[in-house]
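Below, each value reflects all heavy atoms present in this structure, side chains not excepted, and no hydrogens, waters or symmetry copies.
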Amino acid sequence: MKTILLIEDERHLTRFIELELRHASFSVTTAYDGPSGLELALRGDWDVILLDLMLPGMSGLEVCQRIRSVKKTPIIILTARDSVMDRVSGLDSGADDYIPKPFAIEELLARIRVVFRRQEVSAEDNKAILLFQELSVNLDSREIRKGTKQIELTKREYDLLVAFLRNSGRVLTREALLDMVWGFEAAVDTNVVDVYVRYLRNKIDTPGEPSYIQTLRGTGYVMRR
């Protein structure tokens, strides 16, 4: 169960948010002032912190800065102060997102889900080794192996393989692959994707066995077997 620390001094609002978050299957701990919120934030291991800016004892900005100096826990600021400068100050202090009051609980839940998705993507991007059945790619050394056999790829073939490995089981259109590997500003046709998929198959597939990369006619490609 995901854990959330809610630091908010408006007790009626705190109770409402707490109940809604619990209903959405989150574990919630609350604090009503800056010092106690900071203590809980630093002492616990939280998946996300919801932080009001206007707190007794210590401002939310200071709480945010002190949390961020020692921890990378995602922080979403909740506040009635919604000027551009307030938002800039909140984000510059280390917050990951900023929601002005009043807000719909559905928006808050959506923002929390976005934070969790970012964490998942970041964790995937930071993996040193990508694996798919017999294939492995070491992102640090850029070494590609199929079982014990080392495979040599060009830079473009390597980037294409990494894109497939990071999205194994997911259908990728030619346009999506073009953006991932060549960049959205690349002045090349989507047919070049087909060419490089063929090059890659020739190097990673075993003759007589199904390809790692399957073609979905009219759609694109998917890595699965």
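Remark: Glu18 pairs with Arg15, Arg22 by the salt bridge (charged side-chain N to carboxylate O under 4.0 Å, His left out) rule, at least two apart or across chains. Residues passing the side-chain hydrogen bond (donor to acceptor under 3.5 Å, both in side chains) test with Ser27: none are found, sequence neighbours excluded. Listed by chain and residue number, Arg111 satisfy the salt bridge (charged side-chain N to carboxylate O under 4.0 Å, His left out) test with Asp97 (two or more places apart in sequence, or in another chain). Qualifying salt bridge (charged side-chain N to carboxylate O under 4.0 Å, His left out) partners for Glu175, counting only residues two or more places apart in sequence or in other chains: none. Not counting sequence neighbours, the partners of Asp140 by the side-chain contact (heavy atoms from CB on, under 4.5 Å) test are Ala128, Asn138. For Asn202, the side-chain contact (heavy atoms from CB on, under 4.5 Å) criterion is met by Arg198, not counting sequence neighbours. Partners of Ser69 according to the side-chain contact (heavy atoms from CB on, under 4.5 Å) rule, which considers only residues two or more places apart in sequence or in another chain, do not exist here. Under the salt bridge (charged side-chain N to carboxylate O under 4.0 Å, His left out) criterion, Arg145 pairs with Glu143, not counting sequence neighbours. For Phe132, the side-chain contact (heavy atoms from CB on, under 4.5 Å) partners at least two apart in sequence or on another chain are Leu165, Ser168, Tyr212, Met223, Arg225.
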For residues 47-63, which side-chain N or O atoms pair as donor and acceptor with protein atoms under 3.5 Å away, sequence neighbours left out?
{"residue": "Asp47", "atom": "OD2", "partner": "Thr3", "partner atom": "N", "Å": "2.7"}
{"residue": "Asp47", "atom": "OD2", "partner": "Thr3", "partner atom": "OG1", "Å": "3.3"}
{"residue": "Asp52", "atom": "OD1", "partner": "Lys101", "partner atom": "NZ", "Å": "3.4"}
{"residue": "Ser59", "atom": "OG", "partner": "Glu62", "partner atom": "N", "Å": "3.2"}

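Tyr199 is not listed as a side-chain neighbour of Leu160, based on a closest heavy-atom distance of 4.5 Å or more. Side chains of Thr30 and Val28 form a contact here, defined as non-hydrogen atoms less than 4.5 Å apart. Within the 4.5 Å cutoff, side-chain heavy atoms of Ile112 are placed close to those of Phe26. Counting only heavy atoms from C-beta outward, the side chains of Tyr32 and Ile7 never approach each other to under 4.5 Å. Residues Tyr196 and Leu177 fail the side-chain proximity criterion, which asks for heavy atoms closer than 4.5 Å. Side-chain contact between Phe103 and Leu78 is present, with heavy atoms from C-beta onward closer than 4.5 Å. Considering only heavy atoms from C-beta on, Asp9 stays 4.5 Å or farther from Asp33 through its side chain. In this structure the side chain of Glu134 never reaches within 4.5 angstrom of the side chain of Thr206, judged on heavy atoms.
In this structure, Ala31 and Ser36 approach most closely via the heavy-atom pair CB-OG, 3.9 Å. Taking every heavy atom of both residues into account, Trp46 and Leu40 meet most closely at NE1-O, 2.9 Å. The nearest pair of heavy atoms linking Ser211 to Asp205 is OG-OD2, 2.6 Å. What you find for Ile129 and Ser136 is that their closest heavy atoms are CG2-CB, 4.5 Å. Across all non-hydrogen atoms, the minimal contact from Asn167 to Arg170 is OD1-NH1, 2.6 Å.
From Tyr158, atom OH reaches atom CG of Leu200 across 12.5 Å, with rounding to the nearest 0.5 Å. To the nearest 0.5 angstrom, Glu157 atom CD is 3.5 Å from Lys203 atom NZ. Distance check: Arg174 CZ to Asn191 CG gives 8.0 Å after rounding to the nearest 0.5 Å.
Inspection of the Ser25 and Lys2 side chains reveals no N or O donor paired with an N or O acceptor under 3.5 Å.
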Residue pair Glu20, Ile17: steps toward the side-chain contact (heavy atoms from CB on, under 4.5 Å) verdict: CA-CA 5 Å; Glu20 292 291 339; Ile17 296 175; 5.8 Å; no
Trace of the side-chain hydrogen bond (donor to acceptor under 3.5 Å, both in side chains) decision for Arg66 with Ser93: CA-CA 9 Å; Arg66 293 180 65 174; Ser93 68; over 6 Å; no
Evaluation steps, side-chain contact (heavy atoms from CB on, under 4.5 Å), between Leu139 and Arg166: CA-CA 11 Å; Leu139 298 178; Arg166 282 181 167 160; 3.5 Å; yes
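Pairs of residues two or more places apart, or lying in two chains, that qualify as salt bridge (Lys or Arg N to Asp or Glu O under 4.0 Å) and include a residue from residues 67-78 are Arg68-Asp96.
Other cluster members for Leu216: Val171, Val222, joined by side-chain heavy-atom distances under 4.5 Å among Ile, Leu, Val, Met, Phe, Trp and Tyr.
Side-chain atoms of Glu8 come within 3.5 Å of backbone atoms of Glu10 as a donor-acceptor pair (strictly under, hydrogens ignored).
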